[in-house]
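Residue numbers begin at 1 in each chain, while the letters A, B, ... track the order of the sequences. Quick caveat, the model's predicted, so the values are computed rather than measured.
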Amino acid sequence: MTRLGGPKAINCPSCAAGLDVLGGGRVVVQICGYCGTELDALDDYKVLRTFADMERPETPFKIGMQGKIDAVEYTIIGTLGMMERWHGMTWRWVDHQLYSPTHGYAWLTFENDHVIFTRRFRRPLTPAWMSTRWVESSESPPVVYDGRERYKYYETSTSEITFAEGEFTWVPNIGDKATTVTAMSDAHMLGFTDTGREREVERSRYLPQDETFTSFGAKPEYLPNRVHPLQPFEAGKNHAFLRNTTLAFTVLPLVGMIFVKGTEARRVVLDSQTFSISELPQEVSFEISDTAKLSGLTFVTDVDNSWAWLEVSLYGPDGAPLFEAGREVGFYHGRDADGRWTEGSPSTTILFRAKQAGTHTAELDVTEQGTWIGATTAITRLSVSADEGRSSSFWLLLCTGLFGLLFLWKAAKPILHKKARWRGTDWTDED
Amino acid sequence: MTPFRVIFLLACVLILGGSGYLSYYGIWRESSDLNTSVRAGSGGGYYSNTRVK
């Protein structure tokens, strides 16, 4: 492939700029980067035409840079500015023609601050071609196989050349358009391009970014801020550890809750006593022996579309007040367009912690009450009971929720990454 | 096992143990509407406004 005996450099016959000759024997044209003149590489670099007013695209790579891709040394011999317009939006990227004396020609694409490597793909495909007609008439995304990977349709794009500089194995024309149908597997993208003169299949893959920039001696200006369709998920060295650990610690508190509930040993210290409202206020006494865990005072009323205001004072064994509390108990129900509804509850529980073991006394009263509309029954009686030895699953539930969220965050990352890769597909199920 | 992993595991164990302890004894799960700043000699119900304070 290497041109033996050819010149290593030429002077542009139009502007006299010195141009390196870096490409191999398949190069057909060289475009001067200074004046835009296209020279015939097969006919002593005669002037063919001049591309005026080309806008140079932004890229950290330039002609003459050399770097290794898969341990093969490539030289950048050409630069193409590319553009796609669709529905008022514009996408731009830069294709660099690569040349290796041993491995031939390839492309290094700089797109949205990502670096992609593309080569001609010659392995047989089943089916052999993905056409725009197939895409337009298909009920589901078209798929091709290469015997190893399955490529699902990604998008159809029509690109246009906006800038050309350097050596090329074909003749690029500014403004030339080509339609490419792309299909993607987990690691590669196939591009099916039909220029009207020829059909070709190319395969692209994501390169190790830092390694490639360093190898070519290029310094990227920005870091990519969007996931590229070919970008693999980088798990990070602690990803699996954090995912598995947070899963384990999501399950362990649930086991803890079973243990806490199983060993709760709640003990009734005051059997339910019922008082008529007219008998209130009343005093009830009960013996508390467990001061480590929670105790509970439970009140049950017969409010029915009505409410009552309970007032409770609790005194410890030494007669000192432990607390006072006022609480509304209300229960409402009815029927509307959505069906039956209920709100509130006719019962309530006060949780407290006894400071010392011994006889506790509770003073109870209903100081206010009221009724709602419709069929209502005002409170007529109040039942009270007490127990001790209560635990609470709340903190373990909070623990499982916390670790569950961390686990979901870790487990969702690869899924979200895959979703981001396919975000750019133009396939919709309505097609 | 890297120091990060050891510290992360220890933190997980501490959080689990702590929440297990708090749950077992029902710590900080007393009803939040209790008025505990009541002195002896209170005149009665808090809401009937007869408290001696």
Side-chain angles (χ1 to χ4, degrees), chain A residues 237-238 241-242 245-246 248-249 252-253 255-257 259-261 263-264 281 290 292-297 309-315 318-327 348-353 355 363-365 367-368 389-400 402-403 406, chain B:
Chain A
K237 60 182 179 181
N238 287 316
F241 166 78
L242 289 172
T245 306
T246 50
F249 279 87
L252 284 172
V255 177
M257 279 163 68
F259 174 77
V260 164
K261 279 290 161 193
T263 57
E264 193 178 33
D290 187 350
K293 288 185 169 183
L294 290 171
S295 300
L297 267 171
W309 184 264
L310 302 182
E311 288 196 357
V312 184
S313 302
L314 186 70
Y315 299 90
D318 54 358
L322 237 65
F323 66 82
E324 288 177 347
R327 195 172 278 190
T348 188
T349 299
I350 290 173
L351 295 176
F352 64 96
R353 193 180 308 281
K355 287 181 178 164
E363 284 180 6
L364 323 170
D365 200 0
T367 56
E368 285 182 79
R390 283 177 179 244
S391 296
S392 168
S393 300
F394 176 79
W395 299 112
L396 283 167
L397 201 62
L398 192 71
C399 187
T400 209
L402 172 79
F403 282 112
L406 283 171
Chain B
M1 185 81 84
T2 62
F4 167 77
R5 292 185 180 192
V6 173
I7 290 166
F8 186 82
L9 266 179
L10 274 176
C12 291
V13 170
L14 276 175
I15 291 169
L16 177 66
S19 51
Y21 176 80
L22 294 177
S23 278
Y24 185 79
Y25 291 108
I27 293 167
W28 295 323
R29 292 300 294 156
E30 297 88 352
S31 297
S32 57
D33 57 351
L34 307 183
N35 174 28
T36 54
S37 61
V38 186
R39 290 194 309 193
S42 164
Y46 173 60
Y47 296 90
S48 52
N49 200 27
T50 52
R51 189 159 44 123
V52 178
K53 197 168 183 180

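In this structure, the portion of A:F249 lying under 4.5 Å from any heavy atom of chain B is its side chain and not its backbone. With a 4.5 angstrom heavy-atom cutoff, A:T245 touches chain B only via side-chain atoms. Contacts of A:S295 with chain B are absent, with no heavy-atom separation under 4.5 Å from either backbone or side chain.
Between A:C399 and B:L16, the shortest heavy-atom distance links the atoms SG-CA, 4.1 Å. Residues A:W395 and B:R29 approach most closely at NE1-CG, 3.6 Å, considering heavy atoms. Of all heavy-atom pairs spanning B:I27 and A:R353, the tightest one is CA-NH2, 3.3 Å.
Expressed to the nearest 0.5 Å, how far CG of B:D33 lies from OG1 of A:T348 amounts to 7.5 Å. From A:L351, atom CG reaches atom CG of B:L34 across 8.5 Å, with rounding to the nearest 0.5 Å. Rounding to the nearest 0.5 angstrom, the gap separating the OG atom in B:S23 from the CZ atom in A:F259 is 12.0 Å.
Using a distance-only test at 3.5 Å, with no hydrogens or angles considered, no donor-acceptor pair links the side chain of B:S19 to the main chain of A:L396. No donor-acceptor distance shorter than 3.5 angstrom exists from the side chain of B:T36 to the backbone of A:F323, with no hydrogens or angles considered.
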Please list, one pair per line, the donor and acceptor atoms closer than 3.5 Å that link side chains of residues 2-12 of chain B to other protein atoms, with sequence neighbours excluded.
residue	atom	partner	partner atom	Å
B:T2	OG1	B:R5	N	3.3
B:R5	NE	A:N238	OD1	2.7
B:R5	NH2	A:K237	O	2.7
B:R5	NH2	A:N238	OD1	3.1

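Between B:W28 and A:F394, every side-chain heavy-atom pair lies at or beyond the 4.5 Å cut-off.
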